[in-house]
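Before any comments, here is the structure.
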Amino acid sequence: MILDFASLPARDAYQWMTNTILPRPIAWVSTISPDGVTNLAPFSFFQGITANPPTLMFVPVNNREGGKKDTVRNIELVPEFVVNLVPYSLAAAMNETSALLPYGESEFVAFGISAAPSAKVRPPRVAAAPVAFECALDQIVRIGAGPLAANVVFGRILVVHVDDAVLGADGQPDARKLDLVGRLGGEDYTTTRDTFSMVRPDRR
């Protein structure tokens with residue numbers, strides 16, 4: 001099978017990408033509006049990209065009408081956000097926050113999700129998240145236009161909160177203890193509990 005993406009409708013291209021680029025980590029992003037209303041939404045186009053300077057990215061695509069999602073609107077006005085990582089215990093709550101609420105209605109409030117104050121940014125973090133990255137906006141890169149076009153948000157990591165309970169004997173986070181969920185295709189997910197190890201070859 002060969003698919004010519006130049007001839008595929010955007011919705012079909014999206015389905016093929018999300019069913020093959022697996023698993024995808026989930027950025028559960030909290031933002032705040034200028035008048036102090038919080039927002040919380042999940043995104044599975046997400047990755048860390050460099051440690052110098054420490055930077056991550058996530059991608060809110062436009063909605064089906066071609067408009068910006070609330071997360072992007074907030075970051076444009078208050079250029080800070082928190083990327084909360086999602087353990088299995090919070091998967092159901094994360095899924096609830098993918099619902100489309102009117103702008104100005106907080107998912108923290110609507111779905112009873114406990115918030116905790118951040119150290120350096122205005123948006124709160126998810127209190128029960130095992131890891132939360134406080135970020136300042138570096139830049140937003142627009143790719144495409146209309147429905148499903150991308151707003152690639154780059155954030156400079158300022159502070160990371162890590163629950164001591166997810167650390168291993170070496171003092172680093174343990175994937176099994178983190179028990180994070182990752183997105184697969186359709187409505188499927190996976191977790192970080194099923195792992196294997198390989199020693200990398202010496203490439204001096």
Are any non-hydrogen side-chain atoms of Phe46 and Leu56 less than 4.5 angstrom apart?
yes

Please check if the number of heavy atoms outside Asp194 that lie under 6.0 Å from its CG is greater than 12.
no

Do Arg183 and Thr18 get their side chains close enough for a donor-acceptor pair, meaning under 3.5 Å?
no

State the NZ-CG distance between Lys68 and Asn74, to the nearest 0.5 angstrom.
12.0 Å

Strictly by side-chain hydrogen bond (donor to acceptor under 3.5 Å, both in side chains), give each pair with a member in residues 141-157 just once, sequence neighbours left out.
Asn62-Asn151, Glu76-Arg142, Asp138-Arg156, Arg142-Asn151

So, taking the atom named CZ in Arg64 and the one named CZ in Arg11, what distance separates them when rounded to the nearest 0.5 Å?
4.5 Å

pair Pro87-Val181: side-chain heavy atoms closer than 4.5 Å:
no

Given side-chain contact (heavy atoms from CB on, under 4.5 Å), test Val153 with Phe43 step by step and report yes or no.
CA-CA 11 Å; Val153 179; Phe43 302 94; over 6 Å; no

Is there side-chain contact between Pro173 and Val131, with at least one heavy-atom pair below 4.5 Å?
no

Sole residue of Val162, Val159, Leu85 in side chain to side chain contact (heavy atoms under 4.5 Å, CB included) with Phe133:
Leu85

With a 4.5 Å cut-off on side-chain heavy-atom distances among I, L, V, M, F, W and Y, is there a chain of contacts connecting Ile143 to Phe154?
yes

Are more than 12 heavy atoms from other residues, nucleotides or ligands located less than 6.0 Å from atom CZ of Phe108?
yes

With clusters defined by side-chain heavy atoms of hydrophobic residues (ILVMFWY) lying less than 4.5 Å apart, directly or transitively, does Tyr103 cluster with Phe81?
no

I need the Glu107 CD to Asp70 CG distance, nearest 0.5 Å.
7.0 Å

Straight-line distance of Leu180 CG to Arg193 CZ, nearest 0.5 Å:
10.5 Å

Distance-only polar pair, side chains of Asn39 and Ser33, donor-acceptor under 3.5 Å:
no

Taking all atoms of both residues into account, what is the closest heavy-atom pair of Leu22 and Leu184, and its distance?
CD2-CA, 3.5 Å

Verify whether one side chain among Ser30 and Asn84 offers a donor that lies under 3.5 Å from an acceptor in the other.
yes

Heavy-atom side-chain contact between Pro42 and Thr97 under 4.5 Å:
yes

Hey, quick one: are Val29 and Val86 part of the same hydrophobic cluster, counting side-chain heavy atoms closer than 4.5 Å, chains of contacts allowed?
no

Answer yes or no: does atom CG of Leu3 have more than 12 heavy-atom neighbours from other residues, nucleotides or ligands under 6.0 Å?
yes

Nearest heavy-atom contact between Pro117 and Arg125 is O-NE, 3.5 Å

Measuring only between side-chain heavy atoms, which start at C-beta, is Ile26 closer than 4.5 Å to Tyr189?
yes

Show your reasoning for whether side-chain contact (heavy atoms from CB on, under 4.5 Å) applies to Glu134 and His161.
CA-CA 8 Å; Glu134 296 185 22; His161 301 261; 2.6 Å; yes

Cluster overlap Ile75 with Val83, hydrophobic side-chain contacts below 4.5 Å:
yes

As an exercise, state the distance from CG of Asp202 to CZ of Arg200, rounded to the nearest 0.5 Å.
10.5 Å

Same cluster or not: are Ile140 and Phe45 linked, directly or through other Ile, Leu, Val, Met, Phe, Trp or Tyr residues, by side-chain heavy atoms under 4.5 angstrom apart?
no

Reported CE-to-CD1 distance for the pair Met57 and Ile49, which is rounded to 0.5 angstrom:
7.0 Å

One pair to check against side chain to side chain donor-acceptor pair (under 3.5 Å): Thr31 and Thr71. What are the steps and the verdict?
CA-CA 6 Å; Thr31 60; Thr71 296; 4.7 Å; no

